[in-house]
Amino acid sequence: QSAANAFCSSAIGIFVGALFFPTPEFAPLVNIPGGGDLLNSFAAALVTSTLITFLWWYVDTTFRHEKVTAFNLAPCSELSPIAKGLTRNSSGPSPQPSPLGREC
């Protein structure tokens, strides 16, 4: 998941929870069933953000066109001294071509 997904899920949950939040007189802020109850406000925010998070997860895993893989820095030419053992006069292995077909 991404930070944008988490932010959107949280913001939507807070908005839905605010609909049930009571006024200072503990009257409903919006005239809806269950409005004005702190437990309903908390539960609505929690359940809504959880459901939105699961929706993001389902969409990402079902409709993603590319599989995300970790980037391998080992074949980069900038790191070849590290691959050779951190010595200037080392006769270590020669750098291998990048499996991605490109240099860094």
Side-chain angles (χ1 to χ4, degrees):
Q1 298 299 338
S2 70
N5 292 356
F7 177 77
C8 289
S9 298
S10 300
I12 293 170
I14 289 170
F15 175 75
V16 170
L19 293 176
F20 291 93
F21 205 76
T23 62
E25 295 84 27
F26 289 99
L29 186 63
V30 179
N31 194 11
I32 55 176
D37 188 2
L38 289 174
L39 181 61
N40 288 346
S41 174
F42 176 76
L46 181 67
V47 169
T48 302
S49 64
T50 302
L51 290 176
I52 296 294
T53 300
F54 281 125
L55 178 69
W56 281 118
W57 169 80
Y58 177 76
V59 168
D60 283 347
T61 57
T62 305
F63 300 109
R64 180 177 287 176
H65 298 292
E66 296 178 8
K67 189 170 189 169
V68 176
T69 57
F71 184 73
N72 184 9
L73 292 175
C76 294
S77 61
E78 293 91 339
L79 298 178
S80 61
I82 296 172
K84 291 182 179 180
L86 295 175
T87 59
R88 292 182 184 190
N89 297 329
S90 174
S91 60
S94 62
Q96 300 295 319
S98 172
L100 301 175
R102 60 182 164 84
E103 290 298 319
C104 295

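No hydrogens, no waters, no symmetry mates; every other heavy atom, side chains included, goes into these values. Start at 1 with the first residue, then count along the sequence.
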task: Mind listing the closest non-hydrogen atom pair of S49 and S9 along with its distance?
output: CB-O, 3.4 Å
field: Hydrophobic cluster partners of L51 (side-chain heavy atoms under 4.5 Å)
entry: V47
message: I need the W57 CH2 to T61 OG1 distance, nearest 0.5 Å.
response: 4.5 Å
query: Got a second to check how far L55's CG is from N5's CG, nearest 0.5 Å?
result: 9.5 Å
Donor-acceptor pairs are to be reported for all side-chain atoms of residues 14-33 against protein atoms at under 3.5 Å, with residues two or more places apart or in another chain.
{"residue": "T23", "atom": "OG1", "partner": "E25", "partner atom": "OE1", "Å": "3.4"}
{"residue": "T23", "atom": "OG1", "partner": "A27", "partner atom": "N", "Å": "3.2"}
{"residue": "T23", "atom": "OG1", "partner": "A27", "partner atom": "O", "Å": "3.2"}

- request: Check which hydrophobic residues are tied to F7 through side-chain heavy-atom contacts below 4.5 Å, counting indirect links as well, and list them.
  value: none
